[in-house]
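Following: one structure in structure tokens, then a few remarks.
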Amino acid sequence: MRLDTLEITGFGRLHGLSIHFGAGITIVLGDNESGKSTLHRAIRAALFGVDAGGQGRAVERSEWSRWQPWDGSRYGLALTYTLASGRRYRVARRLDQRDASVQVQELGGGVVTDDLRVGRAVVPGRVHLGVEEAVFCASACLGEDGLRADAADAPSRRTTAVQEALERLADSGNGTTAAEALARLSEASARIGSERRASSPLGAVTARLRQLEDQMESARRRHQTLAQEQDRLHDLEGAAAAADGRRLDTERAWLTGRLAALGAQRRELDEAAAESQRLDAVVAAEQRHARFPVEDEESLIALGGDLLRAEAIAQAAGERGDEARRQLQAISQRRAEIAAGLRVLAATPSISEAALAEVERLGAALAVETGVDRRRESLVAAESRGAALRREIAATGLGSIPIGQAATAQRLATAASSSGRQRRSLPIATTIIALALLVAAVCLSTGLTTLGLAAASGLLAVAAAVVLSARLGGGSGAAARRELRQLYPAMDSSEPGIQRLLDRADDLISLHAEVQRQAVLVEAGRTELQEARMRITALVAECDALTRRAGTGFDTSGPIGPGDLEDLLAEGRQSLAAVREAATRSHRRGELLVEDGHLVEEERLHQLTVEAERTRTHERDEARARVRRILHRADIDPGQDGDTAITAFRAGCAGRRAYEAALQGQAQLRRRVAAVGSDPSTLDRLTVTYAGQLRCRGGDPDVASVATPLGQGPLQLLEAEAERTRHAAVTAIREATAMRARIAGQLEGLPSLADLDDERTMCRASRDRARHQLHALHRARTVIEQATRGIHRAMAPRLAESVASRLELVTAGRYRNVNVDTEHLTVSLQSGERPELVPLELMSHGTRDQVTLLLRLALSEVFADSGESVPLLLDEPLLTSDLRRRQQAISFLAGLSRETQLVITCTDPHFAAQLCAVDSSATVVTLENAAPRIMPVVGRRHRARATRAG
Amino acid sequence: MVHRLLHLADLHLDRSFAGTGAHGELARRRRQGLREALRRAGQAAIDHGCTTVTVGGDLYEHERSGPDTAQFLVDTFAAWAPMRVFIAPGNHDALLPGSLYARTTWPSNVHVFTEPELHPVELASGLTLWGLAHREPSWQGDPLEGDRIDDRSGVHIALFHGSEMGSRPAGKSVHGPFAAERIRARGFSAALCGHYHRRRIDASRGLLYPGTPEPLGFDDQGSRGPVVVEVGADGALSYTPLGLNRWVAQSVGCDLTGVASVTGAHDAACATAAVAMAGVDTERAMLRIDLTGELRGGVAVDVFILESILRDTIGAPLVKVRDLTSITLGLDAAMTDPSARGVFARAVQTALAETDDTEERAILEDALRYGLQALAGVEVGLR
């Protein structure tokens with residue numbers, strides 16, 4: 001970047017000013033307070049703007065306020081500059097308002113204001129130079145000591161200051177090194193402390209937190225223990241309440257029983273009084289029965305009962321006696337009838353059970369043989385069928401063939417008939433022979449001799465076979481016919497006869513078979529009839545023998561003949577019927593004897609009944625006599641009705657007993673009243689007392705007073721139980737009270753969990769906050785260290801390269817190389833005379849100052865990523881230098897101006913003249929009381945010009 | 001016949017107030033204030049002719065409750081007899097073995113719901129209260145799960161601790177989630193709920209959150225207290241919110257942009273606090289001031305000192321200052337700075353962009369702040 005023109009409308013003490021800068025050195029010459037430094041500031045303001053305050057920065061103390069025009073003119077300026085590319089720009093700023101208006105015009109182009117905007121600010125220096133304002137100030141703006149080689153301070157200190165300046169620019173760009181920043185972070189960490197250092201805030205809060213954790217744990221345990229104690233107290237209170245409830249129950253029960261007893265006593269006294277009155281009345285009323293023979297009551301009642309029973313028994317006996325007499329009469333009549341029957345059946349033989357069984361067996365056997373007639377009828381039918389079949393055979397004309405020979409006759413007839421068919425085969429053989437001869441003749445005539453002979457031979461062989469077969473068949477048929485005639489000479493053996501036999505042979509065979517079957521049936525029927533006759537004869541003999549053994553008197557003396565079978569069967573049946581009749585009569589006689597025996601027994605019983613009737617009547621009469629005697633003793637008319645008399649006697653007895661009971665009741669009443677032992681007033685007083693106690697225990701005295709009174713024993717048991725439960729309740733309540741008091745004591749010293757929790761939460765929050773702060777500080781420290789290391793490593797070689805590129809020029813070739821270390825950016829040089837690197841602080845003053853200036857230039861280049869060279873603004877750079885040093889510096893600046901534009905302010909015209917003498921191209925601008933003037937010619941190519949606006 | 005119920009919830013007896021910065025004597029005062037709030041609620045119920053008090057859970061905090069709290073509740077509820085008290089345990093006072101509900105012998109006028117599903121209790125002829133209990137601290141069941149109540153006539157009111165998902169405040173934990181539409185769908189005329197600390201009365205859908213009787217945190221602003229629910233003879237319900245809170249919570253912001261000194265920051269915060277506390281009984285006030293804006297690096301506000309100054313100035317026992325300011329450290333410029341400072345800023349910003357972990361982000365943001373302060377040559381102000 002090369003500055004061309006600065007036009008100041010109003011800026012500090014300068015106004016209406018236009019300055020043209022040279023390409024190399026521009027010397028701004030002026031007295032003190034003429035505005036030289038203001039001019040440098042105006043260039044910065046044009047490139048980077050002016051801070052107008054705000055957001056925590058007071059406006060009145062801002063740069064904008066400081067550089068307001070002194071004369072109240074318009075506040076503004078414009079700067080024209082040219083970049084290495086040749087493009088020219090004009091920056092115009094109007095600063096009348098805090099919100100300055102800026103316009104950047106590319107000369108020969110258009111407005112590019114927005115292109116140069118960084119955030120809200122328009123900063124051409126930041127964009128075109130690539131450096132922050134702070135870096136620009138640190139590297140391009142040098143004060144009066146910037147080039148002073150003979151400053152009063154020690155060289156090492158100044159070198160250190162340069163290195164620190166480098167570090168600050170590299171680390172923060174604003175004058176703070178990373179080491180200082182890390183120290184501030186460490187100091188902040190130290191303010192927090194650590195958890196291990198108890199004296200630090202974090203350590204203290206950590207220790208307190210541990211204490212609180214322990215206290216919380218202890219408090220929780222105590223709370224838990226107390227809760228368990230309360231559970232126990234709860235149980236004890238429950239037990240005490242239950243015991244007290246039981247005490248109340250038992251006391252209520254005892255008081256209820258006691259009141260019931262008192263009520264009962266009171267009622268007993270009242271009842272005794274009433275009973276006494278009643279008994280007195282009874283005694284008075286029954287006095288007349290005082291001597292009534294009540295001792296006879298039992299006897300009379302017994303007699304009365306006996307009499308009633310005797311009368312009832314006598315009556316019943318009388319009734320039974322009458323019936324017995326009627327029965328005796330009927331029995332006599334029946335016995336007479338039985339005696340007559342027995343006389344009639346006196347000659348009847350006795351038939352045993354075995355005989356009767358034999359009768360049944362023989363009867364069954366005879367019944368089986370009853371079907372003999374049907375078998376005889378079947379025999380007759382079979383014989384008739386056989387005869388009919390023979391007649392049918394005879395009708396066939398083949399009757400000459402014996403029964404059973406039909407099949408043989410059929411076979412022979414078949415053989416005989418076959419000889420006829422064989423005789424009919426001879427013409428066929430003749431025909432074949434003729435044919436053979438004909439074939440032979442034809443073959444011979446045609447010359448086929450061999451073939452004709454072969455065919456004729458074959459035909460002749462066939463004819464011979466036919467003839468042979470006919471001859472053989474005809475021989476066997478004749479033999480069959482001869483055999484037929486021999487076996488059945490009566491049969492027609494002619495050809496028709498044989499043919500008839502063949503035609504009816506099958507029917508004949510069937511007829512012969514049926515005749516044979518009928519013959520078998522006839523033979524079997526005859527055998528069976530013979531056997532039946534034998535069995536029936538034996539059965540009839542057995543029947544006759546049985547009849548004789550039974551002695552029935554049936555005549556069986558006739559012999560058993562070979563008569564008709566039915567007759568034999570009838571004879572057997574009659575014998576058996578005689579035996580059965582005898583058995584029936586014998587059974588009837590037995591029945592009559594048994595009945596008579598029964599009647600004899602009944603007769604004896606009825607006679608006993610008649611005798612008993614007489615006895616019961618006598619006993620009744622005796623009882624009546626005894627009753628009359630007792631009634632007589634009781635002065636009761638025995639003549640009156642029995643029931644009435646006994647009722648009167650019972651009334652007398654009741655009166656006697658009532659009298660005596662009343663006397664006894666009076667005695668008992670006296671004993672009961674004596675047993676109560678209290679008078680009514682005492683009972684009433686006790687009742688009132690107990691009722692009050694019962695009411696206090698939740699009972700109802702009214703109910704209790706009418707309750708069923710208990711005995712003395714149960715009442716005493718209740719009283720003992722009440723005493724026992726009272727003691728148990730007192731014990732339980734005492735335990736619960738003691739436990740409650742103990743818990744109350746524990747409650748008083750019980751720490752509040754909420755209080756402890758509050759403090760613990762606060763401590764924990766403080767600890768966590770401190771931990772968080774430590775983490776953040778540590779993180780910041782780590783990142784800064786990494787960033788610094790990276791920046792230093794990247795920047796050191798670039799600085800060295802930048803310085804080295806100008807080193808030979810400014811040192812006239814004495815030094816060629818430079819090294820910048822990456823730790824603290826320490827600079828050392830290499831000369832051609834010495835092999836080792838020489839630290840900057842060991843250099844001569846002049847060399848050191850020159851290198852320092854080169855370092856500033858290098859910084860601006862390193863930080864400027866645009867590739868533009870940065871113009872140097874030097875303010876009184878050699879103010880206090882001696883003549884020799886000044887001459888060296890002038891030579892250095894002249895050499896430097898070949899690469900870098902320099903704007904140098906000074907008050908010494910000689911310095912300007914010296915510089916112009918060395919660099920004839922230098923431009924000189926003179927400021928006089930804020931009014932620049934053109935210097936007289938001090939250089940060979942003087943172009944200085946200054947105009948005053950307005 | 002008209003029935004009146006007083007509904008309260010989220011009393012949080014024995015709560016820790018460390019989160020608000022209160023501890024020691026002040027925290028004890030706050031906890032005693034919660035007990036007094038319960039007594040005032042009971043007195044208000046009596047004054048309004050209520051026959052029933054319903055508690056929608058979080059009556060106490062199980063972790064810190066003890067026998068003294070149990071005795072206090074027994075004595076207090078017994079003193080309300082014959083007025084009946086119905087309690088539906090919530091997530092902080094879940095019906096656990098060993099909890100106060102399980103260990104305490106309650107007066108006869110107190111009924112603690114014990115089942116995890118809604119169970120009915122007849123309050124009067126034609127008026128039935130259904131309640132349930134959280135039986136674990138992180139119960140996620142639906143309180144309104146079940147079939148519609150069709151086999152019963154009269155007015156049915158549900159009582160439970162749960163999170164109405166349609167109106168859940170951001171970040172509020174979920175316990176017993178349900179939808180407000182289910183209240184009427186299930187057949188209830190209203191659901192008397194607890195869990196949300198801000199009062200909400202939605203008569204159209206029958207949803208009622210009374211809010212905490214006393215503010216528990218700085219966000220619990222405004223009038224608060226139990227709500228009287230009146231059931232008319234026709235079954236219609238009306239709600240009368242009561243403002244019984246004695247403590248007041250305020251949370252305000254204070255922009256410190258342009259403040260050039262620590263004293264200026266203190267003055268600005270005091271002025272803001274004075275405006276916020278105007279007309280408020282500062283003896284029972286809790287104030288939170290969020291410092292915002294951009295401060296120059298040299299203005300290091302110490303929040304503890306500022307809290308002390310504010311307590312002295314406005315007389316509030318509990319003042320909490322949150323430093324949410326940013327320091328003018330030229331982050332934008334630093335991001336393009338070629339120096340180590342720029343590399344540092346870019347490295348931290350890159351790490352911030354790459355992480356989703358909240359804690360890591362907080363560390364990185366503070367690391368950026370501290371690092372830029374240190375590189376700017378100013379004292380590192382810890383926050």
Side-chain angles (χ1 to χ4, degrees), chain A residues 54-58 118-119 131-132 135 169-176 178 180-185 187-188 191-192 223 226-227 230-231 234 237 743 747 750 752-755 757-762 765 772-773 775-781 783-784 786-788 790-792 862-863 865, chain B residues 14-19 21-24 27-28 31 61 63-68 70 98 103 105 257-260 294-296 299 328 332-333 336-344 346-348 351 359 362-371 373-383:
Chain A
Q55 291 191 339
R57 301 182 307 282
V118 175
V131 295
E132 297 286 346
V135 177
L169 289 171
D171 293 347
S172 64
N174 65 350
T176 301
E180 290 170 344
L182 293 174
R184 287 188 183 280
L185 291 172
E187 182 270 334
R191 290 206 308 267
I192 298 168
H223 271 265
L226 188 60
Q230 283 187 319
D231 287 344
H234 192 260
E237 286 178 339
I743 288 175
L747 272 174
L750 194 65
S752 167
L753 283 175
D755 289 351
D757 198 24
D758 273 340
E759 191 173 357
R760 184 181 63 165
T761 305
M762 294 288 288
H772 172 85
Q773 290 167 342
H775 287 157
L777 289 168
H778 176 72
R779 181 65 66 87
R781 199 159 46 238
V783 178
I784 287 174
Q786 291 172 347
T788 305
I791 285 292
H792 284 195
V862 167
F863 280 108
D865 52 4
Chain B
D14 295 324
R15 182 185 178 83
S16 167
F17 286 94
H23 61 99
R28 281 192 284 276
R31 283 191 279 276
E61 295 197 350
E63 285 295 313
R64 286 171 287 276
S65 63
D68 186 61
R103 179 166 282 155
T105 303
T257 300
V259 172
E294 195 173 64
L295 285 173
R296 283 197 294 120
V299 182
T328 307
D332 292 340
T336 58
D337 190 348
S339 68
R341 172 170 164 263
V343 175
F344 163 77
R346 287 190 292 276
V348 176
E359 188 175 353
I363 288 175
L364 286 170
E365 286 170 355
D366 281 354
L368 181 62
R369 180 187 179 100
Y370 298 156
Q373 283 179 330
L375 288 169
V378 300
E379 183 181 355
V380 175
L382 298 171
R383 64 172 184 175

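Letters A, B, ... mirror the listed sequences (proteins, then strands); counts begin at 1.
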Side chain, backbone, both or neither: which part of B:A70 has a heavy atom under 4.5 Å from chain A?
neither

Examine whether an atom of B:E63 lies under 4.5 Å from a heavy atom of chain A, and if so say whether it belongs to the side chain, the backbone or both; otherwise answer neither.
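Interface part for B:E63: both.
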
At a 4.5 Å cut-off on heavy atoms, which part of [X] comes close to chain B: side chain, backbone, both, or neither?
X: A:R191; value: side chain
X: A:D231; value: side chain
X: A:L747; value: side chain
X: A:L777; value: both
X: A:L750; value: side chain
X: A:A227; value: both

Do other residues, nucleotides or ligands put more than 12 heavy atoms under 6.0 Å from A:H778 NE2?
no

Other residues, nucleotides, ligands: >12 heavy atoms within 6.0 Å of B:E359 CD
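Check fails, neighbour count at 12 or below.
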
Between atom [atom1] of [X] and atom [atom2] of [Y], what is the distance when rounded to the nearest 0.5 Å?
X: B:D14; Y: A:L753; atom1: CG; atom2: CG; answer: 8.5 Å
X: A:T761; Y: B:F17; atom1: OG1; atom2: CZ; answer: 12.0 Å
X: A:L226; Y: B:D68; atom1: CG; atom2: CG; answer: 10.5 Å
X: A:D758; Y: B:R64; atom1: CG; atom2: CZ; answer: 7.5 Å

Check B:R31 with A:D755, please: is the shortest side-chain N to carboxylate O separation under 4.0 Å?
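Judged by the 4.0 Å cut-off on N to carboxylate O distance, A:D755 and B:R31 do form a salt bridge.
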
Interface residue of largest heavy-atom contact number with chain B, from A:A181, A:A787, A:A754, under 4.5 Å:
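Top option by heavy-atom pairs under 4.5 Å: A:A754.
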
Please test A:D171 against B:S339 for side chain to side chain donor-acceptor pair (under 3.5 Å), starting from the C-alpha separation and ending with a verdict.
CA-CA 5 Å; A:D171 293 347; B:S339 68; over 6 Å; no

[options]: which one forms the most heavy-atom pairs within less than 4.5 Å of chain A?
options: B:H23, B:R103, B:R28; result: B:R103
options: B:V348, B:L382, B:T105; result: B:L382
options: B:A362, B:A27, B:G66, B:A347; result: B:A362

Locate the shortest heavy-atom distance separating [X] from [Y]; write the atom from each residue and the value.
X: B:S65; Y: A:H223; result: O-ND1, 4.4 Å
X: B:G371; Y: A:I784; result: CA-CD1, 3.9 Å
X: B:I363; Y: A:A776; result: O-CB, 3.6 Å
X: B:A18; Y: A:M762; result: O-SD, 3.3 Å
X: B:Y370; Y: A:L185; result: O-CD2, 3.7 Å
X: A:T176; Y: B:A376; result: OG1-C, 3.9 Å

Can a donor-acceptor pair be found, under 3.5 Å and without considering hydrogens, that links the side chain of A:R184 to the backbone of B:G377?
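Between the backbone of B:G377 and the side chain of A:R184 there is a qualifying donor-acceptor contact (under 3.5 Å).
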
Measuring only between side-chain heavy atoms, which start at C-beta, is A:Q773 closer than 4.5 Å to B:D366?
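A:Q773 vs B:D366: side chains apart.
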
For A:E187 and B:V380, run side chain to side chain contact (heavy atoms under 4.5 Å, CB included): C-alpha distance rounded to whole Å, both residues' side-chain angles, the deciding distance at 0.1 Å, then the answer.
CA-CA 8 Å; A:E187 182 270 334; B:V380 175; 5.6 Å; no

